[in-house]
Each structure stands twice: as C-alpha cells, then as structure tokens.
Asker: 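There's a structure below that I have some questions on.
All figures in this text were calculated on a predicted structure; none of them were measured in a lab. Chain letters run A, B, ... following the sequence lines, proteins first and then strands; every chain starts at 1.
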Number of protein chains: 4
Amino acid sequence: MNLTINRELTPRAEKRRKEVIAAALRVFSKVGYANAKIDDVSEESGAAKGTVYLYFDGKEELFKAVLRETMLPVLEEVEGMVFEPNASAADRLRAQFEFFYSRVMKEERRQVMRLVIAEGPNFPEVKEFYFNTILLRALTAIRATIDFGIERGEFRKPEGEFYTKAVMGSAILASVWKTVFDDFLPLDTEAFAQTHIDLVLNGLRVRE
Amino acid sequence: MNLTINRELTPRAEKRRKEVIAAALRVFSKVGYANAKIDDVSEESGAAKGTVYLYFDGKEELFKAVLRETMLPVLEEVEGMVFEPNASAADRLRAQFEFFYSRVMKEERRQVMRLVIAEGPNFPEVKEFYFNTILLRALTAIRATIDFGIERGEFRKPEGEFYTKAVMGSAILASVWKTVFDDFLPLDTEAFAQTHIDLVLNGLRVRE
Amino acid sequence: MNLTINRELTPRAEKRRKEVIAAALRVFSKVGYANAKIDDVSEESGAAKGTVYLYFDGKEELFKAVLRETMLPVLEEVEGMVFEPNASAADRLRAQFEFFYSRVMKEERRQVMRLVIAEGPNFPEVKEFYFNTILLRALTAIRATIDFGIERGEFRKPEGEFYTKAVMGSAILASVWKTVFDDFLPLDTEAFAQTHIDLVLNGLRVRE
Amino acid sequence: MNLTINRELTPRAEKRRKEVIAAALRVFSKVGYANAKIDDVSEESGAAKGTVYLYFDGKEELFKAVLRETMLPVLEEVEGMVFEPNASAADRLRAQFEFFYSRVMKEERRQVMRLVIAEGPNFPEVKEFYFNTILLRALTAIRATIDFGIERGEFRKPEGEFYTKAVMGSAILASVWKTVFDDFLPLDTEAFAQTHIDLVLNGLRVRE
DNA sequence: AATGAATGAGATTTCATTCAT
DNA sequence: CATGAATGAAATCTCATTCAT
C-alpha cells in the first residue's frame, strides 16, 4: 500500500519524495536500471533505505515514477511548441529544431531517452508511456509544420510516408552520441544542430 | 585464466564455443545484460552451466566476447563498403546507404547496437571497441564519399564539421525505432531508407 | 565497501558483529579455512547468511578479521608480560613461561596458531600481522630476560644468535601437539611446562 | 576401481604415477590441500586430468598417497637412526640431532610436516599414519638415548615424563618457522641446530 | 514518518569427477 | 592407456524487501 495513491502528501513529505526521485534519476542515468541499487538511491538522496520504500512500492515503481515525472516538464514544453503565426514554414521548422536541441536534449533528458532505449524492452509500460506521451506528440508537431510548408508550396513532398522521422533522425543520433560516445569524440550540440537544420531545410526546399 | 588465451581449441571445442556465443547473443539481445542469467545461456545453448565457464571467465567476459565476435562480420562488411569507380558521388552515397540499410541493420546487428547503447556506460571496453572498430570506420567511408562529391562540385559543403553524422543520423533513428518502438508503430525500413536518401541527396545538392 | 570502515556501528550492530566473529572463530578452528562454509558461520552465529556479508566483505575478509580481533587480547597480555623488579633472571623467565603456558596456550589461542601455520602461506597479510604483532613482541620480551640474566652473570650465553627461539621452541611443540596429536597421546600441559622450564633453566645456568 | 590395488603397474605406468605424486606434493605444499586443484596437479605433472584419476581414486586418495609415499624414505632413515656403539650419550644425542636437522628437515619434508599440522584434523588417517609411522618411532629412538645417558649417570633425569618432547621441541619450531616465517626473518638451520644442541646438552648434564 | 539491521531467494562461480573419443 | 571436454552439485555472493525500533 502506498501513500501516493491514498492521500495528499504533506509538503514535507512531498519534498522528500521529490528528493528521492531526483536522486534516483541520477543513479539510474549513471548505471542503468539493473545496476542501480536501492542503497545507492538511498545514499544519493540522503534518505534511509526504508524511506524509499515508504514512498515507492519497490524498485520498479520507483523507476517508472522517475521516468514519468521527469517527462512531465518535457511534455508541457512540447505542448507549448507553438510557432510564429506569420512565419514561413522554414522559420517554424528552424524554431522547432532549436527548441528541441536547446531544451529537450539537455543532459537530464538525454539520459531519460537512453534509459528508454536501454530498458524499454524490459518495461513495456515505460515504453508505451514514453511513446504516447512524448514521441508521438513531438512527431505530430513537426509533421504539422512540414505539411504546412508543403501545402503552401514552400517545401516539396519527400518520398514515402516517413519523412518526419527522417527529418528528426539526426537529433536521435546526437542524443545517443553525447550519451555514449562523447568521451571518445565530443560532439558540439550547437554546431551539430546548425548542420542538421541546414541539411534538412535544403533537403525539403523545392527545386526550381 | 582461460583456454581461449593459452592455446588453440580443438574443432569440437571451437564449435561448442561458437554455440555458446550464439546462444548468448540471443539471450542478451532479448533481455539485456543484467537480466540475462547464465542458466539461460546454458539452456539456450544446450551446454551445461559449467561449460559456459569452461570457455569464458564469467558473465562479463562472455558479454564482451559476444559483442566482439558478433561485430567482426560487420567489420568485414564495413571494410568492403566500396563504391563504383565511374559513378557520381550521389550514386556512390546511395549505394552506401543501401548497403547500410540492407546489411548492417539486419535484426541481429541492430540488437548489438542497442546493447552497446544500453550497456556502453557500464562497459567502457565494449564502447571503445565498438567505437573504433565499427563506428569510426563507417563514418570515415561516408565522409570520403561526401568530400569526393564536394570536391568535384556535385555536392555543396554543408555548414560546420559534423555533416557526416548529420547525414547518417536517421539511420540510427531507424535502428533504434525498430528495436524499441516497432510494436507500437512499425517502420518499413525499405521505405524509410528511400525517404532518408531522398532527403539527404537533396540536402547536399548544389543550388543553382 | 563496508560499514566497518565507513562509520561507527550502533551498539546493536557491534554486538552482532562480535557474535559473527566469535562463531566464525569456532568454525574456522574446527574445520580450517577452506572447509568452513559461510552457511556454517551463519548457523553457528544465529545470524542469516546475508548478515555475515553485512559486516564482512566476503569469506576472506571475515577470516582476516577473526584472526586480527582474536589476537588483540593476546597482544594486550603479551604487552603486560612484565617481570618482578627484584627477582632473579631465572624467576623472571619462569614467570614468563608460566604466563605463556597458562594464558597464551589456552584452547582458543592454540587454534589461532594452528590456523596461522596452516593458512599462512595463502594469506600473507595474516602471516605478517601475526608475525609482527604477536610473535616478534613475545620473542623480544623473552630475549630481554635472558640477556638480563647473562649480563648479571646468572646465565651463560648460549652458542649463536637464535637462543631465544631455541629456548621457546618446545612451547610450539606443545601447542601443535595438543591441537593435532592429543587424541592419540595426550599431553599434560602443566607437567610439560615444568619439564620445559627445568630443562631450559639448567641449559642456561652457568657452569662452575 | 584402481590399478594400484589390482595389479602391478608396468614400468612406464609406474613412472607416470611417480611423476603425478611428485607434482602433487609440490602443489599441495605450495597451496595446501583445499586450495590445490586437480587441474594444477595435472598441469604440474604434464599428465592430463583424466590420467590423474587413472592412478588415484580421487583427490583425497591422491593426498594420502602423496603423504604416505613421501614419508617412506623418511621412515627408512629414521629406522637407521642408529648410534655409535662406543660413544657417550651426549655424542649419541648430538648425532641424532644432527641427523634430524640435516636429513629430516629438508625442504620437502618440512612441507609434509606442515601439511600434517594444517590438514591433520580433516584427515584422521593421515594424522594417525604420520603419528605411528614417523613421530612415535623418532621419539622412541631419542628417548632410548636419553634414558641410556641417565642410566649410566651421564644425564640427570629431568622433571616429569615428557622430557623427550621437551628436548625435541625446538626442532618443531625450526621446521614451522622456516615454512611459515622465513621470508620475514630467516632462520639459519645450521646455527639454530647448534644452539639447540648446546642448550639441551647443558640442560641434561648432571650438576656436580 | 523514518530508520537501518536483518533477511533469504536467487544469482554467479568453482572444481572434483566422469566418460566419449 | 591417455585425453580433455563436459558436467552439475555445492559453494560464494548480491541485493530487493521487510520490519522492529
């Protein structure tokens, strides 16, 4: 039985809970789900081991809570991923890319994406939640912009139906690269974003 | 200490060893490193648990051997990633993409990539091996083609220095998507590849 | 990493730890290091197997802790192995012998000596600790007494430099004998000690 | 079932068997019974693991065979531990000591004594065999000499009944020391023997 | 609410022994 | 006779979870 479900937490308890979540994210990000020990979370958060169990019904629930609550702010931002009313499709797409690279790919969130890739197969609920809540929504927003450009004749329609993913793909590479290979060959996110945008806008531009 | 290092294996032993590696790849791919039990590998391979330890110095060594030896065939293919002598840069790039999508992204190898992304942080050696042996080599081959196109005036030079990664990025997305999200929203690799190529070639083409 | 190192134990934990040490000494003494199972220690101590690992980083560390902490009281006694101020060298030596036979050779400590002899080669740290902490100190105390006797003309100086060991040697025999052969041919420690003292004092006495 | 019992070995087999015994003694001496792996014996001897089992019914039997057959030459020497017919008791005792230190305490045999001390409690048969075959016989020979000296008025009778052991004790110390502590503080066996003899002969000499 | 000592199921690992070749 | 690959019982060790304080 867990308080989370039964009743409101006192402000103090709420603070404790947040601290545990934050600590858990750090630990999971660093070593992955399986390698993370509840002891580590306990130590990292400053709470005793028993306290972790006071707020979460076990390791798996803690993991799911971490991902869920770490994604919420992202979700809110993605929601507000609006575009300038009087801007060209290119400007709108550029704005969305810049939003993605500057906000979504921040350290913490990159780690979440890696966790989803790494642990997804073992946690279908996590995968589904991430897919529906974040991924689909983001892709839909991007697609809306591209289709807007196509309709007004600014963009050509690329081959096939998967052009949104093909357009966004390199952002995934950037995210994975920074998480996994950055210590071998560092990637300048800023510069990479510019190249990516440059390539995509040229790729979508209509040919005379 | 392990026989692997000290001396040649008899053909029979070599066969056994290969069977264990193959079984282990299946198990690791399915459930990840931490979730894989030596018992599973033993059962999957038909060998007794002790036999696994006869050929590998423990779970970690087995994992590293699996990745190492599963990458070798990829490496050989990447090595042979040649191009037509009298073809345009666009044709060469198209050939390389098609090679990548049809060969490198096969089920088994996709799983390896996911394992590297997922477990890389916990296994620096694996990461380094994968980075140097596969990734760097593949990127170098692609870059050679793009630079060839730029030199002969067929391609424009994209902004920044990371254009190779920006060009290849979506292939990573495809790989990750198929491994993680394909059961929610399936991705037709063939069609995706065509869109990706279409977009990239247009993105690189010089503007009149 | 282990709590033992990082912080003070609560009194309750300290008590538990002591119980495990005591149980482990009994088990190791009875069957030797290699034959002792952590399960045995667990059962003997009344603590669960996991509890043993809570306090010690594995079997080897447990073993070393057992010897270390079992020797400490001996050390303290050896430290206090003082002599009567106005007594003859013979009286002092007799007192030291009697101390050794009655205190140091008690059941428990005899077992420790056997453990050191048996496992020493496999545990250099144990050997070194025992050597420096117990053996060297005891030999130094004995030597001081003999040299005192030589200086005041009460003892003759025996040949060579190893007379301290030669004087003490039979005590080792007694210890080993009682541990290994006592069930075949029992040794009366008390009586043996008297013979040993008698022989040594006569051996050291100056000839007219 | 084992050939040893059933029939004579061919000379070639006999040679093989001896090689295994010799290798096993080296291995057991180095790491003790429990730590010794049949694989080690196999490697050390040059014979395959299966071959070891061809000659011995398992690890325990091999251990017992090693001790038994390593002691036989000692036994023969102890048997011949005669004394000069027309010598004094002191000369006879001195001869016996010198015999002991120069012959019995050789490297190999010292190791056997340590093995008996270390593993004795776990191998009652070994202990008994060693006790009856070696120890008792040696003690009896020494005692005969001392009693001879007492009878002819050359030695005084020491207190108690354990004087033989008290007389021989330091030899045990020397043996143990060399095996266990020699790398910390080396013991010159030759010199130690002289001190031991000097001390004992003085200890036994009648007082005027 | 909070603690952290205690637990034990379940994992990894070892190695004496067997047996097909 | 000899081999060494294969086995699996038995050991060590891990860590999520519980619960008395």
Asker: Could you give the CD-to-P distance, from E19(C) to dT7(E), as a whole number of Å?
Answerer: 10 Å
Asker: Can you give one letter per nucleotide of nucleotides 16-21 of chain F, going 5' to 3': B for a protein heavy atom under 4.0 Å from the base, S for sugar-phosphate only, - for none?
Answerer: SBB---
Asker: Quickly work out the L62(B) CG to dT14(E) C1' distance and round it to whole Å.
Answerer: 17 Å
Asker: Taking for each residue the nucleotide of DNA chain E with the nearest heavy atom, is it A47(C) or R16(A) whose nucleotide lies nearer the 5' end?
Answerer: R16(A)
Asker: Which base, if any, makes a Watson-Crick or G-U wobble pair with dT14(E), both distances under 3.5 Å?
Answerer: dA9(F)
Asker: Does dC15(F) have a Watson-Crick or wobble partner in any strand here, with both distances under 3.5 angstrom, and which is it?
Answerer: dG8(E)
Asker: Out of curiosity, L67(B) CG to L115(B) CG, how far, rounded to the nearest 0.5 Å?
Answerer: 6.0 Å
Asker: With P121(A), which of K30(B), R114(B), Q111(B) fulfils side chain to side chain contact (heavy atoms under 4.5 Å, CB included)?
Answerer: R114(B)
Asker: CD of E60(C) to CD of E125(C): how many Å apart, nearest 0.5 Å?
Answerer: 7.0 Å
Asker: My understanding is that a pair needs two contacts under 3.5 Å, Watson-Crick or G-U wobble. By that rule, which nucleotide pairs with dT21(E)?
Answerer: dA2(F)
Asker: Measure CD/E14(B) against P/dA6(F) and give the value in whole Å, please.
Answerer: 11 Å
Asker: CZ of R17(B) versus C1' of dG4(F): gap in Å, rounded?
Answerer: 17 Å
Asker: For S42(C), is there any backbone N or O sitting under 3.5 Å from a side-chain donor or acceptor partner on S45(C)?
Answerer: yes
Asker: What's the CG-P distance between L54(D) and dG4(F), to the nearest Å?
Answerer: 13 Å
Asker: On the ring face of F56(B), is K64(B) found with NZ or CZ under 6.0 Å from the centre and within 45° of the axis?
Answerer: no
Asker: If only side-chain N and O atoms of T10(D) are considered, is one of them under 4.0 Å from the OP1 or OP2 phosphate oxygen of dC1(F)?
Answerer: yes
Asker: Okay, side chain of D40(B), backbone of K37(B): is any donor-acceptor separation there less than 3.5 Å?
Answerer: yes
Asker: Under the 6.0 Å and 45° cation-pi test, does K59(D) pair with F28(D)?
Answerer: no
Asker: Using whole Å, report how far CG of D40(A) lies from C1' of dT14(F).
Answerer: 12 Å
Asker: Which whole-number value in Å describes the distance from Y55(C) OH to dT7(E) P?
Answerer: 9 Å
Asker: What is the distance from CD of E43(A) to C1' of dC15(F), rounded to the nearest Å?
Answerer: 15 Å
